Amino acid sequence: MTSAHPFRFGVNMLVPTDRAGWVQKCRRAEELGYDVVGIADHLGMPAPFPALVLAAEATERVRLNTFVLNAAFYNPVLLAREVAATDQFTEGRLELGLGAGYVQQEFEAAGIPWERAGKRIDHLTRTVTELERLFADPGHQPRPAQPSGPPLLLAGRGDRLLTLAARHAAIIGFTGAAAGDGRFPRLDTAEGVDERVAFARKQLGTRADDVELNILVQRVAVTGDRRAALEEFASMTPDLSAEQLGEVPTILAGTPAQLAEQLRERRERFGFSYVTVLEDKLEAFAPVIELLR
């Protein structure tokens, strides 16, 4: 599979800090060549919307995204207000990432009922359709800077979510993992990711070449000993062997040149042109970006 999309690289920020620290790391991401600064939506992490507005003030070029909002935490009408205002204040640099939520403990801590997956997808569907309705209404205030609202990224892996994404999203985010027991995700095999991408592409139909595919890389090891890094990851991921981890798109291990080649191969195989890494690899991953420009 080939992708018509050029590479884009995002970093997902997870660690709260003060104003000066936040400004510094957002500017650093831009300096290192990242295309997107993202904010996760979990309790104990930075509040997404004010963090993105401050990131916009501190930078000039990078796109800014919610990666991804837990839709269950938000009333759709109130969310539309937050999204539109943030898009205005970031001068149209916002990408809106949404998901159904998967950490039961966070629902309980917030006093929000933990519903079965189908109910959470129902709420996500209502959220997407309500945002589209409001942003299409010329009388709705505040207005987003981008005429139809920010590009929508929907992230997940189930049939219903990927079908929803195929109908509405500009970007489909693949987790490459199942929620597992609600703590650390259980990684899919490469064959499992193949199947999920094939399902999504079938649902996309004639939109398949227009929609960007994103992958969240769970672990990155920049090292001269790729085998040792994969064996270390395998010791923490008992479901998959080192050989299997060497194939999955959620793991990167090797020298910068090897990582760049892995990403080229995975864009060819899976169609992943938009690659997101976690904040702890902000600096280590940067040489790979330079190699792929």
Side-chain angles (χ1 to χ4, degrees), residues 8 10 12-13 16 19 22-23 26 29-30 35-43 45-101 106-107 110-113 115 119-156 161 163-173 207 210-212 214 274:
R8 285 205 301 155
N12 209 27
M13 300 297 197
R19 177 186 171 89
W22 188 255
V23 166
C26 290
E30 186 167 73
D35 302 288
V36 186
V37 170
I39 311 293
D41 186 23
H42 292 287
L43 298 182
M45 295 185 185
F49 292 114
L52 291 176
V53 171
L54 181 54
E57 288 296 297
T59 59
E60 298 179 0
R61 172 188 58 79
V62 289
R63 300 284 290 173
L64 305 155
N65 75 353
T66 56
F67 198 83
V68 296
L69 293 184
N70 178 349
F73 284 178
Y74 301 90
N75 172 289
V77 175
L78 299 180
L79 179 60
R81 179 184 66 179
E82 300 298 316
V83 170
T86 302
D87 197 42
Q88 279 287 353
F89 293 160
T90 62
E91 298 183 311
R93 289 158 65 188
L94 183 65
E95 294 177 0
L96 179 62
L98 293 173
E106 292 188 343
F107 283 74
I112 297 171
E115 305 276 12
K119 290 286 188 180
R120 303 200 308 276
I121 298 294
D122 288 344
H123 181 76
L124 177 61
T125 302
R126 288 193 297 272
T127 299
V128 169
T129 55
E130 186 69 357
L131 290 173
E132 288 182 344
R133 182 186 72 81
L134 292 170
F135 294 153
D137 177 2
H140 180 260
Q141 293 292 336
R143 298 297 305 152
Q146 297 170 91
S148 300
L152 179 64
L153 181 156
L154 289 177
L161 195 149
T163 300
L164 179 70
R167 293 173 181 165
H168 297 274
I171 307 158
I172 301 179
R207 297 184 67 221
D210 299 325
V211 172
E212 203 172 16
N214 170 274
Y274 182 178

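Just so it is clear, the structure is predicted and the values come from calculations on it, not from any experiment.
When side chains are defined from C-beta on, L131 does not count as touching L152, because their heavy atoms never get closer than 4.5 Å. R120 is not listed as a side-chain neighbour of L124, based on a closest heavy-atom distance of 4.5 Å or more. Taking 4.5 Å as the limit, every side-chain heavy atom of V37 sits out of range of all side-chain heavy atoms of T59. Taking 4.5 Å as the limit, some side-chain heavy atom of L96 sits within range of a side-chain heavy atom of L69. No side-chain heavy atom of L78 sits less than 4.5 Å from a side-chain heavy atom of E82. Two residues are said to be in side-chain contact when any heavy atoms from C-beta on lie closer than 4.5 Å; M13 and W22 meet this criterion. The shortest distance between side-chain heavy atoms of E106 and F73 falls below 4.5 Å.
Under the side chain to side chain contact (heavy atoms under 4.5 Å, CB included) rule, L98 has a single partner from L164, V68, T127, L161, which is T127.
In this structure, the side chain to side chain contact (heavy atoms under 4.5 Å, CB included) partners of A58, at least two apart in sequence or on a different chain, are V23, R27. Every residue meeting the side-chain hydrogen bond (donor to acceptor under 3.5 Å, both in side chains) condition with D35, not counting sequence neighbours, appears here in chain and number order: R293. Taking E132 as the reference, H168 meet the side-chain hydrogen bond (donor to acceptor under 3.5 Å, both in side chains) condition, with sequence neighbours excluded.
A distance of 13.5 Å separates CZ in F89 from CG in L54, rounded to the nearest 0.5 Å. One finds the CD1 atom of I171 at 9.0 Å from the CZ atom of F67 (value rounded to the nearest 0.5 Å). Summarising the geometry, atom CG belonging to N214 is positioned 10.5 Å from atom CD1 belonging to I172; distances are rounded to the nearest 0.5 Å.
Screening residues 64-74 for side-chain hydrogen bond (donor to acceptor under 3.5 Å, both in side chains) gives D41-Y74, N65-Y274 as the qualifying pairs, with residues at least two apart or on separate chains. Each salt bridge (Lys or Arg N to Asp or Glu O under 4.0 Å) pair with one or both residues in residues 86-99, not counting sequence neighbours, appears once here: R8-E95, R63-E95. A side-chain hydrogen bond (donor to acceptor under 3.5 Å, both in side chains) check over residues 133-144, counting only residues at least two apart or in different chains, returns the pairs E130-R133.
Between A145 and G92 the shortest heavy-atom distance is CB-N, 3.6 Å. Nearest heavy atoms, P151 versus Q146: CD-OE1, 3.2 Å. Between T90 and A56 the shortest heavy-atom distance is CG2-CB, 3.6 Å.
Remark: R61 CZ is packed, more than 12 non-hydrogen atoms of other residues, nucleotides or ligands lying under 6.0 Å away.
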